[in-house]
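Below: the structure, in structure tokens.
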Amino acid sequence: MALVIAGRIAPMSNPDPAAVFAGRVYLGDDGLVDAVTPGDAAPPPGFASAPVLNAGDAFVTPGLIDLHNHLGYNALPLWTEPAQKKPFLHHNDWTDAPTYKQKISWPAWVLAKAEPEGMLAYIQARALVGGTTAIQGWPAFNRPPQLVLRNIDDEKAGSTSRNLIYTSALTEKPLQLAHMAQLMSGGAGFIYHCSEGQPGSVVAREFTDVANAGCLVKTLVAIHCNAVADADWQRWQPANAGAVVWSPFSNLWLYGTTTNLPAARQSGASICLGSDWGPSGTKHVLGELKVARLVDQKQNFGLTDRDLVSMVTFGAGDILARCWSRPAGRLVPGAFGDVTGWRPRGNGDVWSQIVNATEREVLLVVVGGRPRYGDADAMTAAGAAPATTLTVGGRDRKLAIPNPKDSSKAFEWTEIVARLDAVRKDPAAALARAEGLRRGYAGPVTAADAPLELALDMPTGGAMARAGPPPDPTKVVIPPLPSLEHDQAFFNDIHGRGFHGGILDGLAGFYGG
């Protein structure tokens, strides 16, 4: 369906990404931006009968892009290893911690196997309440599930290829990296976990392996890179600069240090943001913006609010557009129709409005021209598909995720939570039910009506770190579902835990805590 959104439009387009004006965004039936006009301009053809959402004084911006996540683990709370008394050295360190499988691998595996539809619905809602429209780091699946967020890993961008962008959370060997360099020379993108750990640790060589393989090109999106030596950044020449994805919460939580942003920026690389995952990250990238601000204030990186917002809008979108050949992260004709509306908070410009916004200020989230989450009134005015009701930020909200059994109906929030709670209550019985469904199905596993199966991505680490079945499902303990929003319980969970030296305690200040 077509949709018109009126408000204070901040398209973040060239040549003036700071421009804000009273106007309208026209989203076409194809899910793309058709036009962006000032308020007194004539509408383009084809929108005479389209619903019009008048957002009033709300800011209307490109939707937020999260370039680093592991969504299959986002139904889990923050994790620390009780036996660990000093920061971990690198990503092969904490994945072999004594409680890692018990607290992370096994619970996530059981939820994914026993209740894949409910888990996917919950983790998408978690991202949507923070204004996210596109996200990286999905589980693999046997057939297309009900996804409402843009799947960066598999986005076809109007083509027939799911391989516009390759991803890897595992450390690749030099020969594999050389093959990836060949694919990248043809325009493919590569999102790669690289050199995650403390400076001087053994994982620093992962970046030099990337460089030696010829992968330091414009379509490389390197996640973390916090172990990269200052001198090695100089190997990524500005003419070939791609992007670095910064996840400061997770870096500080696990390692007590984070990426050397000045050195990365000096190389010419674009800096993007990712919220990482539930066990060591923020709930969504809107929260990660605030952590980035806290780290900037502590380490004097010299980042402006515009710098920060670009990391989750046009800065990230411009990198992806190199692979997709379609604008992203900007509201311009032909771009993806991914939009977030923001209720004003204070009197700052659009950049400070977004940095300081909480879940309460998220008015509406539109993905591919379809309203997926927002205030109940806004969703109704936007002509949203059948939606369920929930409360976020003290406001009644609507969430439009199709029911997996009948896409003409909404997946009710109460049902989503009840399904996941049933797995928590009796993991073994839930696994048995899911296995019974799979055994009772005789068709192709890729068919549209096949039972959904998810395969979680996994961090680099020893063989014991791999996400796999627990030896005894009756002994798996799955913690209660975390809330969708950053709340006092989350702030309490931060305090006195992790290796951030108190920096992350400041997150509560953005929420009035």
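For the pair Phe301 and Val295, the minimum side-chain heavy-atom distance is below 4.5 Å. Between Phe510 and Val291 there is no side-chain heavy-atom pair separated by less than 4.5 Å. His486 is listed as a side-chain neighbour of Phe491, based on a closest heavy-atom distance under 4.5 Å. Phe190 is not listed as a side-chain neighbour of Leu183, based on a closest heavy-atom distance of 4.5 Å or more. Within the 4.5 Å cutoff, the side chain of Trp342 has heavy atoms near those of the Leu286 side chain. Counting heavy atoms from C-beta on, the side chains of Val244 and Cys194 never come closer than 4.5 Å. The shortest side-chain heavy-atom distance between Cys272 and Val221 does not fall under the 4.5 Å cut-off. Considering only heavy atoms from C-beta on, Tyr511 stays 4.5 Å or farther from Glu485 through its side chain.
The backbone N or O of Thr133 sits nowhere less than 3.5 Å from a side-chain atom of Asp338 that would complete a donor-acceptor pair. Looking at Asp93, its side chain does come within 3.5 Å of a backbone N or O of Leu89 through a donor-acceptor pair. A donor-acceptor pair is defined here as one N or O able to donate and one able to accept, closer than 3.5 Å; no such pair exists between the side chain of Asn74 and the backbone of His284. A distance-only check finds a donor-acceptor pair linking the side chain of Arg424 to the backbone of Pro479 [under 3.5 Å]. A donor-acceptor pair is defined here as one N or O able to donate and one able to accept, closer than 3.5 Å; such a pair exists between the side chain of Gln237 and the backbone of Gln234. Between the side chain of Thr219 and the main chain of Ala188, a donor-acceptor pair closer than 3.5 Å is present. Formation of a donor-acceptor pair under 3.5 Å by the Thr259 side chain with backbone atoms of Leu261 is not found in this model. At least one donor-acceptor pair under 3.5 Å links the side chain of Lys290 to the backbone N or O of Val355. Listed for the Trp138 side chain is a donor-acceptor partner under 3.5 Å among the backbone atoms of Ile135. With hydrogens and angles disregarded, a donor-acceptor distance shorter than 3.5 Å links the side chain of Lys85 to the backbone of Pro82.
The aromatic rings of Phe207 and Trp233 are tilted relative to each other, their planes meeting at an angle between 30° and 60°.
Put simply, CH2 on Trp94 and OG on Ser250 are 7.0 Å apart, with the number rounded to the nearest 0.5 Å. Note that the CG atom of Leu252 and the OG atom of Ser247 stand 11.0 Å from one another [nearest 0.5 Å]. Here Phe490 contributes atom CZ and Thr282 contributes atom OG1; the two are 6.5 Å apart, rounded to the nearest 0.5 Å. To the nearest 0.5 Å, atoms CG (Leu420) and CD (Glu117) are separated by 10.5 Å.
Defined by atom type and a distance below 3.5 Å, a donor-acceptor pair is present between the side-chain atoms of Ser352 and Asp349. Glu196 and Tyr255 are linked by a side-chain donor-acceptor pair at a separation below 3.5 angstrom, with hydrogens and angles left out of the test. Side-chain polar atoms of Asn212 and Arg235 form a donor-acceptor pair below 3.5 angstrom.
Between Ile165 and Cys323, the closest heavy-atom pair is CG1-CB, 3.8 Å. Of all heavy-atom pairs between Ser270 and Ile319, the closest is OG-CD1, 3.9 Å. Here the closest non-hydrogen pair linking Ile416 and Ala121 is CD1-CB, 3.6 Å. For the residue pair Ala227 and Gln198, the shortest heavy atom distance occurs at CB-O, 3.4 Å. Of all non-hydrogen atoms in Ala335 and Arg330, the two that sit nearest each other are CB-O, 3.3 Å. Contact detail for Thr61 and Val350: the closest heavy-atom pair is CG2-CG2, 4.0 Å.
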* Asked: Going through the checks in order, is the side chain to side chain contact (heavy atoms under 4.5 Å, CB included) test met by Phe249 and Ser275?
  -> CA-CA 8 Å; Phe249 188 109; Ser275 57; over 6 Å; no
* Verdict with supporting geometry, His224 and Asp276, side chain to side chain contact (heavy atoms under 4.5 Å, CB included) -> CA-CA 10 Å; His224 291 305; Asp276 209 330; 3.7 Å; yes
* To do: Test Leu452 against Asn142 for side chain to side chain contact (heavy atoms under 4.5 Å, CB included), laying out the working first.
  => CA-CA 7 Å; Leu452 180 63; Asn142 61 312; 3.7 Å; yes
* Are Glu361 and Thr358 close enough, and set up right, to give a side-chain hydrogen bond (donor to acceptor under 3.5 Å, both in side chains), and what steps lead you there? -> CA-CA 6 Å; Glu361 281 70 55; Thr358 69; 2.7 Å; yes
* Take Leu308 and Met311 through the test side chain to side chain contact (heavy atoms under 4.5 Å, CB included) and record every step on the way to the result. => CA-CA 5 Å; Leu308 294 175; Met311 296 177 186; 4.1 Å; yes
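Just one residue in the list Trp253, Trp79, Tyr73 forms a ring-ring contact (aromatic ring centres under 6.0 Å, His included) with Trp277, and that residue is Tyr73. The only member of His91, His70, His90 that meets ring-ring contact (aromatic ring centres under 6.0 Å, His included) when paired with His193 is His70.
Within 6.0 Å of the CZ atom in Arg438, the count of heavy atoms belonging to other residues, nucleotides or ligands exceeds 12. Within a 6.0 Å radius of CZ in Arg326, more than 12 heavy atoms belonging to other residues, nucleotides or ligands are found. Under a cut-off of 6.0 angstrom, the local environment of NZ in Lys103 is sparse, with at most 12 non-hydrogen atoms contributed by other residues, nucleotides or ligands. A 6.0 Å sphere centred on CD of Glu435 holds more than 12 heavy atoms belonging to other residues, nucleotides or ligands.
Listed by chain and residue number, nothing satisfies the side-chain hydrogen bond (donor to acceptor under 3.5 Å, both in side chains) test with Thr132 (two or more places apart in sequence, or in another chain).
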